[in-house]
A.B. asks: 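Just dropping this structure here.
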Amino acid sequence: MSDPISTISTLLEPVFAELNDGEPADPTVRPSDRADAQINGALPLAKRRGVNPRELAQAVVDSGVLAGFASDVEIAGPGFINVTFSTEFLTSQLASISDDPRLGVPQAVVAKTVVVDYSAPNVAKEMHVGHLRSTVIGDALVRMHVFLGHDVLRENHIGDWGRPFGMLIEHLIDLGEDVAADGLTQGDLDGFYKAANAKFSESEEFQVRARERVVLLQNGDEETARLWHRLVDMSTAYFDAVYSKLGVLLTDDDLVGESFYQPLMGRTVERLSEAGLLEEDDGAKVVFPPGFTNRDGNPLPLIIQARTGGFNYATSDLTCVIDRVERRGADLMLYVIGAPQQQHLQMVFKVSEMAGWLTEETEAVHVPFGNVLGDDRKMLRSRSGASVKLVDLLDEAVDRAGQAVAEKNPNLSAEDRAEVARMIGIGAVKYSDLSTDRVKDYMFDWDRMLAFDGNTAPYLQYAHARICSIFRRADIDRASVRNSPIVPEAPQEHALALRLLAYPSAIDATLQSFSPHKLSTYVYELASDFTSFYEHCPVIKADERTRSSRLALADLTARVLAHGLDLLGIEAPEQM
RNA sequence: GCCUCUGUAGCUCAGUGGAUAGAGCAUCGGUUUCCUAAACCGUGUGUCGCAGGUUCGAUUCCUGCCAGGGGCGCCA
């Protein structure tokens, strides 16, 4: 790995082990604001061995392993070792990544089959801000796992089955298929759903028809199936349009809806029964996973088959686990689903373990996230109080970005401006979602996310555009500078170099916790380090040797910046 | 009642078993014969919700409490 912190950490391990009678001891190397890195491991080790920490720190320094990497090493305070990396060392590390398409990030040692479950809108229902987080976070996690060389299976678990489909199909018939199709493809899904729902609550005759239609659907009636398909197709075409606007990787090939699991659920129940887990409780078939209690302190069941004989989402989710493990060969399953589902998923995972479907070799992880809030600190709603349509949100973002671009850079052609506005607007929405810790709620604020200062997509994109601009101005092909040595002499160059080399660590930390905001923070710090460099270190006007070094440093920065943004699903324009 | 998440600067948010807890915004003050000033530089800001405990060292780990959100059987 290119990161100097991990490089010296690895080199120090044997030194620490030797000072600990051969037992491994963590050197605890961290970035530091007093130097480039601080080695903290001497303190706990000295305590454990009952020796003076400063003397132990001295012994670490005397081992000589830091000599080849550091321009300065000092023991400070009770026994911290502060290390400043030498320019020569940074130059050599940068040389190893500056012409590397992977930018120093190693492939995963073991390629896993990773299933990512995300987005999951409902057929005949509008996509709203609630779907934004799952879709955007899931997409980023997919991109990162793919980059590391894992075999990633995207799964969009759409709601395409269940009781509401009786009423939806009947409403489709009432409207006339083609009339309905017009409205639905234009994205008026909410209108359709609400009208069906209203009829259902008003008309007994309609209720009867809807219920009969559900039975027909479940029994595989041909005409009903055709109508159902039509409904699903219209919805998925609409979803595709939204995904395309949003710029996520999901396609129709990734659709694995509720309906897919219907024919398999009977077998799931049988297998639970064969495993001796199934119990009869109040007429329902249930499993009691240990560790879950209800309001009254009694064991809480996972309901597998309702009293009426119907299956529910627990059955479906269990069947889904079986499918992913046994058919798709999943090693890791990520469920990018809102925090309220936590208990349900924990119960599903527990029962899956009890049944032997989830073993130690297969990891299932709930990747929860909080809500999108309005400035009133409540769930984001439109002025009328309705949930906000995702497409409207995205269109407004592009629109607002377009106004800003027109104002700030009138020289762009209308065509370029539209394209840049799209990148900025969509990027801003995605970045504001990805850049805060996903488990928390975040506040949706147009002005903040579209600002060109602070931790925002436009700021990052602007840094990238400025680098591209340097090369345009100098009329130099970016690829041509990738073999020039980078000699980071100025403090801003030194800081930027260190940051660039830390890219693999940032990705590693991000995937360790499935937290895209860690990569976001890294990319922001990188952009920030670059702008500081940009202000203090002239590139084009520098003398020849410095100029070629700075050009190479700028190019590398642009590539890491664009690459990091791409892993987040955000585009980096060359001018804006 | 039980479970779970959250609580860090005026605001929005990072952060870590280590040394004086950091950014951005907002405030104030500077910087443009110079590669995009959509920027940069400087400036102030804290009982890290409260109380205990573990530790050489806790904002970070553990326990309890307080406040807010979410969840807790036949919808998905």
Side-chain angles (χ1 to χ4, degrees), chain A residues 28 30-34 38 40-41 43-44 46-47 53 76-80 82 120 122 159 161-164 258 281-286 291-314 316-317 338-344 346-347 368 370-371 373 377-379 404-405 407-409 411 424 432 435-437 439-443 445 447-448 450-456 458-459 461-463 465-474 517-518 520-521 524-525 528 531-532 534-542 550-551 554 575-576:
Chain A
T28 327
R30 298 285 131 87
S32 173
D33 43 359
R34 295 158 185 255
Q38 58 185 54
N40 302 332
L43 278 82
K47 174 71 183 173
F80 301 103
N82 293 336
N122 292 310
W161 201 257
R163 267 188 352 208
E258 294 284 335
D281 190 73
D282 203 9
K285 289 180 180 164
V286 305
F292 297 90
T293 52
N294 66 13
R295 236 178 271 278
D296 308 315
N298 298 319
L300 183 66
L302 187 64
I303 295 173
I304 307 299
Q305 195 163 12
R307 198 185 297 130
T308 57
F311 302 129
N312 57 25
Y313 76 138
S316 164
D317 285 342
Q341 299 291 325
Q342 184 167 348
Q343 181 177 264
H344 166 73
Q346 295 314 323
M347 290 178 82
N371 298 313
L373 306 180
R377 286 216 150 269
K378 291 180 179 159
M379 297 265 281
V405 175
E407 189 185 320
K408 305 289 185 186
N409 192 350
N411 299 327
I424 295 176
S432 78
S435 59
T436 59
D437 190 348
V439 304
K440 297 182 185 176
D441 297 343
Y442 79 93
M443 211 177 281
D445 182 329
D447 292 335
R448 205 163 50 236
L450 285 162
F452 290 81
D453 334 283
N455 190 6
T456 68
Y459 177 80
Q461 292 168 320
Y462 180 54
R466 282 176 125 181
I467 299 173
C468 296
S469 175
I470 293 173
F471 284 87
R472 266 198 309 275
R473 273 302 175 99
H517 81 283
K518 295 190 177 178
S520 307
T521 302
Y524 170 62
E525 286 168 340
S528 190
T531 38
S532 189
Y534 183 87
E535 292 293 327
H536 293 96
C537 305
V539 177
I540 297 174
K541 294 195 167 122
R550 288 182 177 169
L551 281 169
Q575 54 178 330
M576 57 191 278

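Reminder, nothing fancy here: chain letters follow the sequence lines and each chain counts from 1.
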A.B. asks: Arg377(A) side chain: which of C13(B), C41(B), C35(B) is closest?
C.D. replies: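 Of all the options, the side chain of Arg377(A) is nearest to C13(B).
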
A.B. asks: If a protein heavy atom is under 4.0 Å from the base, mark B; if only from the sugar-phosphate, S; if neither, -; do that for nucleotides 60-72 of chain B going 5' to 3'.
C.D. replies: ----------SSB

A.B. asks: Just checking Val439(A): base, sugar-phosphate only, or nothing, at a heavy-atom cut-off of under 4.0 Å?
C.D. replies: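 Sugar-phosphate, no base atom in range.
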
A.B. asks: Let me know the distance between OH of Tyr442(A) and P of U6(B), rounded to the nearest Å.
C.D. replies: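 Value for this atom pair: 18 Å.
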
A.B. asks: Tell me what Asn82(A) touches on the nucleic acid: a base, only sugar-phosphate, or nothing, going by heavy atoms under 4.0 Å.
C.D. replies: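 Base contact.
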
A.B. asks: Between Gly77(A) and Pro538(A), name the one whose nearest nucleotide on RNA chain B is closer to the 5' end.
C.D. replies: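 Final value for this comparison: Gly77(A).
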
A.B. asks: Quick one: which of A39(B), A37(B), A14(B) gets closest to the side chain of Tyr459(A)?
C.D. replies: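 Output: A39(B).
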
A.B. asks: Judged by each residue's nearest nucleotide on RNA chain B, which is more toward the 5′ side, Ala76(A) or Ala306(A)?
C.D. replies: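 Checking each residue's closest nucleotide, the 5'-ward one belongs to Ala76(A).
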
A.B. asks: Can you check the Glu535(A) CD to A39(B) C1' distance for me, whole Å?
C.D. replies: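 Distance, rounded to whole Å: 5 Å.
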
A.B. asks: For Phe471(A), enumerate each residue passing the ring-ring contact (aromatic ring centres under 6.0 Å, His included) test, keeping only those at least two apart in sequence or located in another chain.
C.D. replies: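 Not a single residue meets the ring-ring contact (aromatic ring centres under 6.0 Å, His included) criterion with Phe471(A).
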
A.B. asks: Suppose we screen for ring-ring contact (aromatic ring centres under 6.0 Å, His included). Which residues come up paired with Tyr313(A), at least two apart in sequence or across chains?
C.D. replies: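 Here the qualifying residues are His344(A).
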
A.B. asks: Give Ala465(A) one of three labels, base, sugar-phosphate or nothing, depending on what nucleic acid heavy atoms sit under 4.0 Å from its own.
C.D. replies: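 If one applies the 4.0 Å heavy-atom cut-off, Ala465(A) turns out to touch a base.
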
A.B. asks: Check whether any side-chain nitrogen or oxygen of Lys47(A) sits under 4.0 Å from OP1 or OP2 of C56(B), and answer yes or no.
C.D. replies: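 Yes, because at least one side-chain N or O of Lys47(A) sits under 4.0 Å from OP1 or OP2 of C56(B).
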
A.B. asks: What is the distance, to the nearest angstrom, from the CG atom on Asn312(A) to the P atom on C74(B)?
C.D. replies: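 Atom CG in Asn312(A) sits about 10 Å away from atom P in C74(B).
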
A.B. asks: Under 4.0 Å, counting only non-hydrogen atoms across every strand here, what does Pro368(A) touch: a base, just sugar-phosphate, or nothing?
C.D. replies: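 Since no nucleic acid heavy atom lies under 4.0 Å of Pro368(A), the category is nothing.
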
A.B. asks: Side chain of Gln342(A) only, please: which of A38(B), G15(B), U4(B) is the nearest?
C.D. replies: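 Closest of the options to the side chain of Gln342(A): U4(B).
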
A.B. asks: Go through it in stages, so that I can follow the logic: the residues are Thr456(A) and Tyr524(A), the test is side chain to side chain donor-acceptor pair (under 3.5 Å), and I'd like the CA-CA distance, side-chain angles, deciding distance and then a yes or no.
C.D. replies: CA-CA 8 Å; Thr456(A) 68; Tyr524(A) 170 62; over 6 Å; no

A.B. asks: Test of understanding: with side-chain hydrogen bond (donor to acceptor under 3.5 Å, both in side chains), list the residues that count as partners of Ser528(A), not counting sequence neighbours.
C.D. replies: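 Not a single residue meets the side-chain hydrogen bond (donor to acceptor under 3.5 Å, both in side chains) criterion with Ser528(A).
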
A.B. asks: Classify Cys468(A) by what it touches in the nucleic acid, base, sugar-phosphate, or nothing, heavy-atom distance under 4.0 Å.
C.D. replies: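 No contact at all - Cys468(A) keeps every heavy atom at 4.0 Å or more from the nucleic acid.
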
A.B. asks: Just call it for Ser435(A): base, sugar-phosphate, or nothing, with non-hydrogen atoms closer than 4.0 Å on any strand.
C.D. replies: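 The answer is nothing, as Ser435(A) stays clear of every strand by at least 4.0 Å.
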
A.B. asks: Counting the atoms with a prime plus P, OP1 and OP2 as sugar-phosphate, which does Ser469(A) contact under 4.0 Å by heavy atoms, base, sugar-phosphate, or nothing?
C.D. replies: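 Base, at least one base atom sits under 4.0 Å.
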
A.B. asks: Extract from the structure each pairing of a protein N or O with an N or O of nucleotides 20-25 of chain B at less than 3.5 Å, listing the distance.
C.D. replies:
residue, atom, partner, partner atom, Å
U20(B), O4, Arg34(A), NH1, 3.4
U20(B), O4, Arg34(A), NH2, 2.9
A23(B), O2', Tyr524(A), OH, 3.3

A.B. asks: How would you label the contact of Glu258(A) with the nucleic acid (heavy atoms, under 4.0 Å): base, sugar-phosphate, or nothing?
C.D. replies: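 Here Glu258(A) touches the backbone only, sparing every base.
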
A.B. asks: In this structure, how many angstroms lie between the P atom of U12(B) and the CG atom of Asp445(A), rounded?
C.D. replies: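 Going from CG in Asp445(A) over to P in U12(B) covers 10 Å.
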
A.B. asks: Using atom NZ of Lys541(A) as one end and atom C1' of U33(B) as the other, report the distance to the nearest whole Å.
C.D. replies: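 Taking NZ of Lys541(A) and C1' of U33(B), I get 9 Å after rounding.
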
A.B. asks: Report the secondary structure of RNA chain B in dot-bracket form, marking unpaired bases with a dot and bases paired to a different strand with |, and treating Watson-Crick or G-U pairs with both distances under 3.5 Å as paired.
C.D. replies: (((((((..((((....[...))))..((((.......))))......(((((..]....))))))))))))....

A.B. asks: In the structure I gave you, are the side-chain heavy atoms of Ile424(A) and Gln461(A) within less than 4.5 Å of one another anywhere?
C.D. replies: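 In short, these two side chains touch, coming nearer than 4.5 Å.
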
A.B. asks: Are OP1 or OP2 of A14(B) and a side-chain N or O of Lys440(A) less than 4.0 angstrom apart?
C.D. replies: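 Affirmative; the distance criterion is met.
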
A.B. asks: Rounded to the Å, how far apart are Met443(A) CE and C11(B) P?
C.D. replies: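 The answer, rounded to whole Å, is 10 Å.
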
A.B. asks: Which part of the nucleic acid, if any, lies within contact of Gln346(A), taking any heavy atom under 4.0 Å across all strands shown: a base, the sugar-phosphate backbone alone, or nothing?
C.D. replies: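 If one applies the 4.0 Å heavy-atom cut-off, Gln346(A) turns out to touch nothing in the nucleic acid.
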
